[in-house]
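Below is one structure, written out as C-alpha cells; comments come after it.
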Amino acid sequence: GSLRLPLFDGTAVGGEILKTTDGGLNWTEPYLTTTSIGSVYFVNDSTGFITEGYGDIFKTTDCGINWAIQHNDGSVGNLCFFNDNTGFAVGKQILKTIDSGITWEKKSKSFTYADLTFIDFVDENTGYCLNETGNIFKTTDAGQNWIEPTSGTSIYFLTCLSFVDANIGYAAGVNGAIIKTTNGGIDWNLMNSGTTKALWALYFLNADIGYAVGDYGTVLKTINGGDQWITLDRLPTADLNSVYFIDENIGYVTGIWGDIYKTTDGGANWIPLNSGETGGLISICFTNIDTGYVIGSSILKTIDGGTNWVKYDFGADFGFFKVSFVSDNSGYLLGKSSSNESVLFYTSDAGSNWSPIATFPCSPLSSFSFSNANTGYFIGGNGTLIKINSTGLDISEVSLKHTKSRVFPNPATDFIVIETDKSFGEGLLTIYNLFGQVQAYQEITEHKTQVNISSLASGFYFIKLTNLKINEVLKIVKE
C-alpha cells in the first residue's frame, strides 16, 4: 500500500469533536459529544472516521457536520486508512474495510495481548518471565524463542518470580499464593504460605532460604525450600514492595510510604531506616555490605549500610521501576518520564552519574533481568520484550510469539524494507519519532514491504508492527 500521513490538524478530540478552518485560531462548537474519543482519521477534506469510547466507529462525509455509526461491537480503538476506501480498525480484534466503512471484515479473532510484568534469568541461556494474567514463559536459548509451559499458573494471580537455578523456582501472588517448580516450570505445586495477604516480592538466597513480602507489612521466611513458611513479626507499615538479602543475616525491605527496614539477624528483628522519602520505594539492591540503591519517585544511595541515604538529582520528572547492578560500578536504572517514555539509564561510576542510553516511546517497560554483565532483558506492556547487549549499545526486539521481523537497510536515506516472517500475514506498521509521535502508517500485505521514508527528518525512529497476534517494535536510523 501507499504511505499516507494521518490527518489530525483540523480536529480536536477527547469527549467531543471540535473543528477549525483557520489553522486553529478559532474552534467550532462540538459536532459530536460522547464519553471519549479514541481515535480520529480523515481521508480527505470531507470524509473522516472516529472511534468512540465504547469502541464504536462513526463516519462523516460532510466535514464533520453529521456523523453516522458504522460499527458497534465495542472492540476497537485505533484507526488507519491507506486511501479513501481501505482502512483498518485495531483493538481487541482487527477489522478491515475496502468500501470506505460501509462494511468491516474481521481479520482476526478477538484477543488480548497481556503485559509482561516480571522477568528472571538464572544463566546466560535460561530465563523466565511472567505476564499480567499469570502465565509463565521460558527460554532456553538466550531469548531467541519463548515457550509457555502448560502449568496452569494463571489461576494464582501471580505478581513475582524467583529462580534458584534452571529447574528450581518460585512464584507468588495474591491471597498468599506461593507455588514452586522443581523441573523448570513444567509442573508447579502450591505451597502453604500461612497467609492470605497479597505477596509482591520474593528473594531466595539459595535453594533452602527465601523470603516473601507483601501487604500490611507481611514478611514470610522459609528455611527448607518452601515446605514451610514462617510469618515474621509484621512490620508497622502498609504494603511492602521489595526485599533484598546480602547474606543469611543482613537484609532489607521497602514499602509504599518511603519505608526501609533492615535486619541483621535473618529477619528476627527489623530496624527502621530514615530514607527521607514519603513516596513508594519499589526496588532495592546492594553491590556489597555497605553500598546499596533504592528507587521509587527518585533514586537513593547508601555507602554505610543504610544509615544514611543520598538522593540523586535527575533534573527532570521521572518515576522509576527497577535498579540493578551487574558489578560494583556498573548498573542500570529503568524509569518513565513525564511524557510516558520508558527510559533506560546506565552508570559506570557506582551511581555518581546516570546517563540515558535508550528511550522507548512506544514500548512501556516495567522490569528487567541480566543474565550476565553485558546481556539484559527488558519487559513491559503489550508483550514487549527487548534484549540489550554490550552495556546497552546493541538493542534488539525479541518476540514471545516467534516472529522474526527485520528492517533493512539500516541506516537508510530514502527507502527501507520491512521483512516479516512468512506466517505474519496482513498487518499494520506505524512509524514513531523519539517523542512517541506518529509519523506515518502503512499496510503490510506481503512478506516484504517497501516504505518511503524520504520525507522524514534525519534521526532515530521506531517502527511498530501489529497484526492479529504480534505487537513488535523495530528501530531505524534515518540519515
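Small disclaimer: the values here were computed from a predicted structure and weren't measured. When reading the values below, keep in mind they use all heavy atoms of this one structure, side chains included, and skip hydrogens, waters and symmetry mates.
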Hey, does the side chain of [X] reach the backbone of [Y] with a donor-acceptor pair shorter than 3.5 angstrom?
X    : Y    : value
S324 : Y332 : no
K336 : F321 : no
N175 : A177 : no
D120 : F163 : yes
K59  : S100 : yes
S275 : G258 : yes
N167 : N183 : no
S367 : I119 : no
Y128 : A166 : yes
T181 : D187 : yes

Nearest non-hydrogen partners of [X] and [Y], listed with the distance:
X    : Y    : result
I453 : I416 : CD1-CG2, 3.8 Å
E426 : T445 : CG-CA, 4.4 Å
D123 : F121 : O-CD2, 3.5 Å
T347 : A350 : OG1-N, 3.8 Å
T140 : K138 : CG2-CE, 3.6 Å
T97  : T103 : OG1-O, 2.9 Å

Measuring only between side-chain heavy atoms, which start at C-beta, is [X] closer than 4.5 Å to [Y]?
X    : Y    : value
D99  : N85  : no
S330 : Y346 : yes
N329 : S348 : no
W200 : L240 : no
I476 : I463 : yes
L158 : I136 : yes
V323 : L333 : yes
E419 : F408 : yes

- Candidate pair I431 and V451, rule side chain to side chain contact (heavy atoms under 4.5 Å, CB included), full reasoning: CA-CA 10 Å; I431 300 178; V451 182; 4.1 Å; yes

[X], [atom1]: over 12 other non-hydrogen atoms inside 6.0 angstrom:
X    : atom1 : result
L190 : CG    : yes
Y216 : OH    : no
F157 : CZ    : no

Euclidean distance, [Y] [atom2] relative to [X] [atom1], rounded to 0.5 Å:
X    : Y    : atom1 : atom2 : result
T413 : K478 : OG1   : NZ    : 7.0 Å
W104 : I98  : CH2   : CD1   : 11.5 Å
L300 : Y293 : CG    : OH    : 12.0 Å
I69  : I57  : CD1   : CD1   : 9.0 Å
W354 : L344 : CH2   : CG    : 9.5 Å
T159 : L202 : OG1   : CG    : 7.0 Å

- Should the pair K322 and F368 be classed as cation-pi, given the thresholds of under 6.0 Å to the six-membered ring centre and 45° from the axis?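 Judged by the rule, K322 and F368 form a cation-pi pair.
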
- Task: Decide yes or no on side chain to side chain contact (heavy atoms under 4.5 Å, CB included) for I282 and T254, but give the supporting numbers first.
- Result: CA-CA 7 Å; I282 62 175; T254 66; 5.9 Å; no

- Message: With side chain to side chain contact (heavy atoms under 4.5 Å, CB included) as the criterion, how do V122 and D165 come out once you've worked through the C-alpha distance, each side chain's angles and the decisive distance to 0.1 Å?
- Response: CA-CA 6 Å; V122 295; D165 55 37; 5.6 Å; no

- Item | Check: S242/S283 side-chain N/O donor and acceptor closer than 3.5 Å |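 Side-chain D/A pair, S242 to S283: absent.
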
- Consider only side-chain N and O atoms of S298 and E277, and report whether a donor and an acceptor are under 3.5 Å apart.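 Side-chain D/A pair, S298 to E277: present.
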
